[in-house]
Number of protein chains: 2
Amino acid sequence: MGMETYIQVLKNNRLKVTPRRKAIIGVFMKHGVRMGPYELYEKLKRKLPKLGLPTVYRILEELKDAGILVQSLAEDRRLRYALCACPDEHHHHFTCRKCKKVEEVEFCNFNGLSSFIEKNLNAKVESHNLQIEGLCARCR
Amino acid sequence: MGMETYIQVLKNNRLKVTPRRKAIIGVFMKHGVRMGPYELYEKLKRKLPKLGLPTVYRILEELKDAGILVQSLAEDRRLRYALCACPDEHHHHFTCRKCKKVEEVEFCNFNGLSSFIEKNLNAKVESHNLQIEGLCARCR
DNA sequence: TGGATAAATAGAAATGATTTCTATTTATAC
DNA sequence: GTATAAATAGAAATCATTTCTATTTATCCA
Ligand SMILES: [Mn+2]
Ligand SMILES: [Mn+2]
Ligand SMILES: [Zn+2]
Ligand SMILES: [Zn+2]
């Protein structure tokens, strides 16, 4: 997806198209990697010396709500975000342990899981969250 | 599993069998529910008025390392722990959104997932974490 | 094109879960 | 019982995240 598409998503969500928001999206587009608020802040403060860390936190949250980013918690329990190409289709993400690249995984055995639990526990599955880690093609 | 079994696990891990450790295990055995450090602290301070919150944090971590508890992060991003009956077998856990009961789920399509990713991304899957939520048989 | 307006932002400060530190207590081995 | 290392309480520190307020800015419209 190009920047123009993301700008349109911002507009659709009544978010102003600001230099800060474009810059943050730009960093994600450039690196294709999972990043935390402070990492983005560090990467951007050369270009935007007056950028504030709370602004980064807020923008990341807004971009998540707009469906541009997905949020996750890394093993250090801190916030991470990554671009998500198709937030409307149910899918998961694979993250490389070494380079942090995030790739879409269009595979999910939700039905099998759901019917197993339905049958064995007589419970109703309402959501599931799957985080997959490993080594990407380059890093393996 | 009974308390005696857990006491043996403590001994196997060179952890002393203290009233605090037994009390924390006891709360989990009694409730079968996912709990956070502060919740345990509150439940225990009648019986153990001198209990300190840092002690609860430390014991929970130790019990996790010993394989008695599993750690997770709830949606509020805070620590939660639950008993795990068979830490050696790969499996997942189902948590009831309403009553927080945790049940074992001996279902996992790891092979399918792994070979999908291997084929499509040419990546190597090293770990996955699946959290399943819904309503248990009683609460649904 | 410029002014009005609400949204966005910076910077300082607060928050609060979690961790660290140190003196004291306690479980365990002998 | 005593010695020992492990465990604990309580105070304090840490630090990621959030809140607050004054200022700036993107957007809309005359
Ligand atoms: Mn995605
Ligand atoms: Mn288990
Ligand atoms: Zn990689
Ligand atoms: Zn329930």
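Chain identifiers are assigned alphabetically (A, B, ...) following the order of the sequence lines, protein sequences preceding nucleic acid strands; residue numbering begins at 1 within each chain.
- A donor-acceptor pair shorter than 3.5 Å can be found between the side chains of A:H93 and A:E104.
- Between the P atom of C:dG11 and the CZ atom of A:R58 lies a distance of 13 Å, rounded to the nearest Å.
- Proximity of B:V102 to B:L83: side-chain heavy atoms (C-beta onward) are nowhere separated by under 4.5 Å.
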Legend entry - Contact letters for nucleotides 13-21 of chain C, in which S counts primed atoms plus P, OP1 and OP2 and B counts the base, heavy atoms under 4.0 Å: ----SBBB-
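- Residues B:L10 and B:L63 are in side-chain contact: their nearest non-hydrogen atoms beyond the backbone lie under 4.5 Å apart.
- One interatomic measurement links the two molecules: CG of B:D76 to P of D:dA16, which rounds to 19 Å at whole-angstrom precision.
- Enclosure of atom NZ in A:K98 is not indicated, since only 12 or fewer non-hydrogen atoms of other residues, nucleotides or ligands lie within 6.0 angstrom.
- Taking a cutoff of 4.0 Å between a charged side-chain nitrogen and a carboxylate oxygen, A:E118 and B:R140 qualify as a salt bridge.
- Summarising the geometry, the separation between CD on B:E62 and P on D:dA6 is reported as 12 Å, rounded to the nearest angstrom.
- In this entry the distance linking CD1 of A:I59 with P of D:dT17 reads 16 Å, nearest Å.
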Give the table of side-chain donor-acceptor pairs shorter than 3.5 Å for residues 66-75 of chain B, with sequence neighbours excluded, one pair per line with atom names and distance.
from	atom 1	to	atom 2	distance (Å)
B:Q71	OE1	B:K64	NZ	3.4
B:Q71	NE2	B:Y81	OH	2.8

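- Looking at heavy atoms from C-beta onward, A:C86 lies in side-chain contact with A:H91 at the 4.5 angstrom threshold.
- Put simply, CG on A:L60 is 15 Å from P on C:dA8, counting in whole angstrom units.
- The distance between atom CG of A:N13 and atom C1' of C:dA7, rounded to the nearest whole Å, is 15 Å.
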Atom pairs, protein N/O to nucleotides 22-27 of chain C N/O, distance under 3.5 Å:
from	atom 1	to	atom 2	distance (Å)
C:dA27	N3	B:K16	NZ	3.2

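- Here A:E39 does not pair with A:K100 in a salt bridge; the nearest charged N to carboxylate O distance is not below 4.0 Å.
- At whole-Å resolution of the value, CZ in A:R14 and P in C:dA7 are 11 Å apart.
- Within 6.0 Å of NZ on B:K11 lie no more than 12 heavy atoms contributed by other residues, nucleotides or ligands.
- In this structure, B:L10 places its CG atom 13 Å from C1' of D:dA6, rounding to the nearest Å.
- Heavy-atom nearest nucleotides on DNA chain C were determined for B:L15 and for A:L48, and the one closer to the 5' end corresponds to A:L48.
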